[in-house]
Amino acid sequence: MVSHDRILIKNVYLMTQDERLGDLVGDVLVTGGTIQAVGRELQDDDARVIDGSGGAVLPGFIDTHRHNWQGALRNLGPAWTYEEYRRRVQIGLGQYFEPEDVYIGNLAADMMSIDSGVTTVRDESHISNSPEHTDAAIAAHWESGVRAVFDHGWPSTEAEEWQFGSVRTHPDDIRRVRGEVLADDGARVTLNAMLRGPELSTLEVADHDIRLARDLGLRISMHVGLGEWGARQQAIRRLAEAGLLGCDMTFIHCCTSSDEELGMLAGHGATASVASALEVFMPGLGQPATNRLLAAGVRPSLSVDTETIVSGDMFGVMRAALAYQQLIVAGAGGAMDRAEGLSTFDAADLIAFATVEGARACGIDDRAGSLTPGKEADLIMIRLDDVNLLPATDAAASIVAGGHAGNVDLVVVAGRVLKEGGVLRGGATVLQEAASSRDRLFRAAGFPLPSSGAGLRYRG
């Protein structure tokens with residue numbers, strides 16, 4: 001009898017992201033949720049065999065910064081400025097979220113992630129309106145099957161009191177979550193701390209919050225370099241001068257962080273997350289810092305940020321990063337970018353940013369991010385013989401330039417198949433629940449209800 005926890009993918013192009021293995025045409029064997037072997041002419045009579053001919057297998061994409069709770073509010077304002085987003089979503093709608101809205105938002109975001117080949121999401125959860133809200137967010141991650149790094153944040157009630165000069169310290173409920181809910185750092189869903197730092201709070205609050213996170217043994221994420229405010233605050237510099245900057249930190253955006261600050265980030269072994277699609281779409285944040293980070297010695301990870309503005313897949317994020325680089329080359333970049341002496345990247349680099357560098361930023365590179373035997377089996381297969389990718393002369397370039405969620409044929413997380421044959425498993429009730437949640441939130445906030453989409457049906 002064939003065991004369903006043993007999978008052998010044969011005759012596939014392997015983009016391992018492991019420097020020792022490189023790229024090769026061969027096979028990958030998954031047993032007991034881990035990658036057992038990578039090589040040529042592998043055999044296992046007890047495994048279920050998947051023919052990978054015409055496809056590429058690579059580690060699942062890792063999104064290092066997404067506000068999952070907004071998953072049922074996707075595509076509301078692709079032309080919004082940063083201030084419009086804050087006013088309408090964080091301030092306007094966030095205060096009305098019930099725990100069930102957080103649950104369905106997170107579940108909708110997770111399903112979108114899985115369908116497009118994202119196997120790990122770092123959920124930046126600034127919807128900690130109550131312990132029940134937090135628990136609902138975490139429950140959705142367990143339900144969906146995605147690997148999640150849950151970054152406990154602050155509430156979206158009294159949202160203005162929690163940002164831009166806030167004197168409130170991080171919600172103490174993070175202690176309960178650490179002790180009672182997400183105590184296991186080796187589990188599929190783990191805990192990090194989403195802190196505001198001296199850019200969104202004060203240096204005194206940042207000192208308190210960072211020490212709290214480190215006392216709890218948690219990695220830290222922090223939004224910095226947000227528009228003109230970020231340029232004035234220089235959060236990375238202030239953290240370095242206070243002795244608080246460390247290798248356990250991931251800095252998100254860094255759009256208006258100075259080159260000197262990015263050098264400080266690199267010097268302390270910290271990591272960075274570039275939300276390139278959001279940053280080029282949303283006026284008010286600044287431009288993607290991908291090239292400046294590379295020049296400073298930081299290989300960044302990539303992230304979606306919010307689906308209210310941009311699509312929740314990594315294909316668009318990779319393309320946006322590359323498109324902005326080409327603007328710099330053409331002399332049309334932002335004020336902080338220079339074409340002369342530019343540190344550049346290519347499609348292969350972008351695949352690495354979206355996989356192995358994401359694992360490093362999340363602190364899970366010991367078990368994810370590459371097709372290394374012994375790591376957990378988080379992998380995807382992309383059909384290179386689909387009509388939009390033919391003839392796939394260069395696999396990385398084809399995936400970055402032309403790929404989309406429909407090309408993702410197989411998604412496996414911790415050895416569990418979540419999408420196969422291009423069909424996502426589960427999620428049949430997500431569409432209706434997401435629409436109901438959105439309508440309730442719009443009514444509560446006094447927003448006009450949408451006039452279209454009532455006849456939509458989920459296909460999966």
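Nothing here was measured: the structure is a model prediction, and the numbers come from that model.
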### Message
Suppose we screen for ring-ring contact (aromatic ring centres under 6.0 Å, His included). Which residues come up paired with Phe353, at least two apart in sequence or across chains?
### Response
Phe345
### Task
Carefully, step by step, assess His223 and His67 under the rule ring-ring contact (aromatic ring centres under 6.0 Å, His included).
CA-CA 12 Å; His223 288 56; His67 303 295; 5.6 Å; yes
### Query
Going by distance alone, is a donor N or O of one side chain under 3.5 Å from an acceptor N or O of the other, for Asp151 and Ser125?
no
### Carboxylate-amine/guanidinium proximity below 4.0 Å for Arg299 and Asp349
yes
### Query
Looking at Asp135 and Arg176, does any basic side-chain N land under 4.0 Å from a carboxylate oxygen?
yes
### Query
Sub-3.5 Å donor-acceptor pair from the side chain of Asn106 to the main-chain atoms of Tyr103, do we have one?
no
### Message
Please evaluate residues Gln234 and Ser257 with respect to the criterion side-chain hydrogen bond (donor to acceptor under 3.5 Å, both in side chains), reporting the C-alpha separation (whole Å), side-chain torsions for both, the decisive distance (0.1 Å), and the verdict.
### Response
CA-CA 6 Å; Gln234 297 204 358; Ser257 300; over 6 Å; no
### Query
Is there a donor-acceptor pair under 3.5 Å between the side chain of Asn129 and the backbone N or O of Gly94?
yes
### Task
Check whether the side chains of Ser258 and Glu260 place a donor and an acceptor atom closer than 3.5 Å, and report yes or no.
no
### Query
Can Glu357 and Arg360 be counted as an ion pair, charged N to O under 4.0 angstrom?
yes
### Query
What's the shortest heavy-atom distance between Ile174 and Leu218, and which atoms?
CD1-CD1, 3.8 Å
### Message
One thing to verify: whether Arg66 and Asp305 come together as a salt bridge, which I'm taking to mean a side-chain N less than 4.0 angstrom from a carboxylate O.
### Response
no
### Query
Of the non-hydrogen atoms in Val102 and Ala137, which two are nearest, and what is the gap between them?
CG1-CB, 3.6 Å
#### Entry: Working for side-chain hydrogen bond (donor to acceptor under 3.5 Å, both in side chains), residues Arg238 and Gln233
CA-CA 8 Å; Arg238 294 169 69 192; Gln233 293 299 314; 2.9 Å; yes
### Query
Do other residues, nucleotides or ligands put more than 12 heavy atoms under 6.0 Å from Phe281 CZ?
no
### Query
With sequence neighbours excluded, what pairs up with Glu160 under the side chain to side chain donor-acceptor pair (under 3.5 Å) test?
Arg86
### Task
Can you see which heavy atom on Met314 is nearest to which on Phe61, and at what distance?
CG-CB, 3.7 Å
### Query
If you measure from the Lys or Arg side-chain nitrogens to the Asp or Glu carboxylate oxygens, is any gap between Asp248 and Arg219 under 4.0 Å?
no
### Summary
Shortest non-hydrogen pair, Leu182 vs Phe150, comes out as CD1-CB, 4.1 Å
### Message
Strictly below 4.0 Å, N to O, side chains only: are Asp115 and Arg425 in salt-bridge contact?
### Response
no
### Task
Return yes if a side-chain donor-acceptor contact under 3.5 Å exists between Ser437 and Glu100, otherwise no.
no
### Task
Would you check if Leu371 and Asp18 make a side-chain contact, meaning some heavy-atom pair closer than 4.5 Å?
no
### Query
Side chains of Ser273 and Pro300: closer than 4.5 Å at any heavy-atom pair?
no
### Task
Walk me through it: do Ser201 and Val167 pass the test side-chain contact (heavy atoms from CB on, under 4.5 Å)?
CA-CA 6 Å; Ser201 61; Val167 296; over 6 Å; no
### Query
Any side-chain heavy-atom pair from Val408 and Val411 closer than 4.5 angstrom?
yes
### Task
Go through Glu19 and Ser370 one step at a time and tell me if the side-chain contact (heavy atoms from CB on, under 4.5 Å) criterion holds.
CA-CA 9 Å; Glu19 293 181 356; Ser370 66; over 6 Å; no
### Query
Is there a side-chain contact between Ser303 and Val317 (heavy atoms, below 4.5 Å)?
no
### Query
Just by distance, with hydrogens left out, do Asn192 and His152 show a side-chain donor and acceptor under 3.5 Å apart?
no
### Task
Would you please test Trp69 and His126 for side-chain hydrogen bond (donor to acceptor under 3.5 Å, both in side chains) and show each step?
CA-CA 8 Å; Trp69 60 275; His126 49 12; 2.9 Å; yes
#### Entry: Minimum side-chain heavy-atom gap Asp63-Arg122 below 4.5 Å
no
### Contact summary for Gly316 and Asp313, nearest pair of heavy atoms
N-OD1, 2.9 Å
### Task
Using a strict 4.0 Å threshold on nitrogen-to-oxygen distance, state whether Asp215 and Arg211 make a salt bridge.
no
### Query
Do Ser166 and Thr202 touch side chain to side chain, with heavy atoms closer than 4.5 Å?
no
Could you give the side-chain donor-acceptor pairs of residues 263-271 under 3.5 Å, partners two or more places apart or in another chain?
{"unit_1": "His268", "atom_1": "ND1", "unit_2": "Met264", "atom_2": "O", "d": "2.9"}
{"unit_1": "Thr271", "atom_1": "OG1", "unit_2": "Met249", "atom_2": "O", "d": "3.3"}
{"unit_1": "Thr271", "atom_1": "OG1", "unit_2": "Thr250", "atom_2": "OG1", "d": "2.7"}

### Query
Any side-chain heavy atom of Gln287 within less than 4.5 Å of one from Met336?
no
### Task
Start with the C-alpha gap between Thr31 and Gln36, add the side-chain angles, then the distance that decides, and say whether side-chain hydrogen bond (donor to acceptor under 3.5 Å, both in side chains) holds.
CA-CA 6 Å; Thr31 67; Gln36 180 69 28; 3.1 Å; yes
### Query
Salt bridge or not for Glu376 and Arg147, using N-O below 4.0 Å?
yes
### Task
For residues Ile380 and Gly60, report the shortest heavy-atom separation together with the two atoms involved.
CG2-CA, 3.9 Å
### Query
Pick from Asn291, Asp337, Thr344: which one makes a side chain to side chain donor-acceptor pair (under 3.5 Å) with Gln325?
Asn291
#### Entry: Thr190 side chain to Ala187 backbone, donor-acceptor under 3.5 Å
no
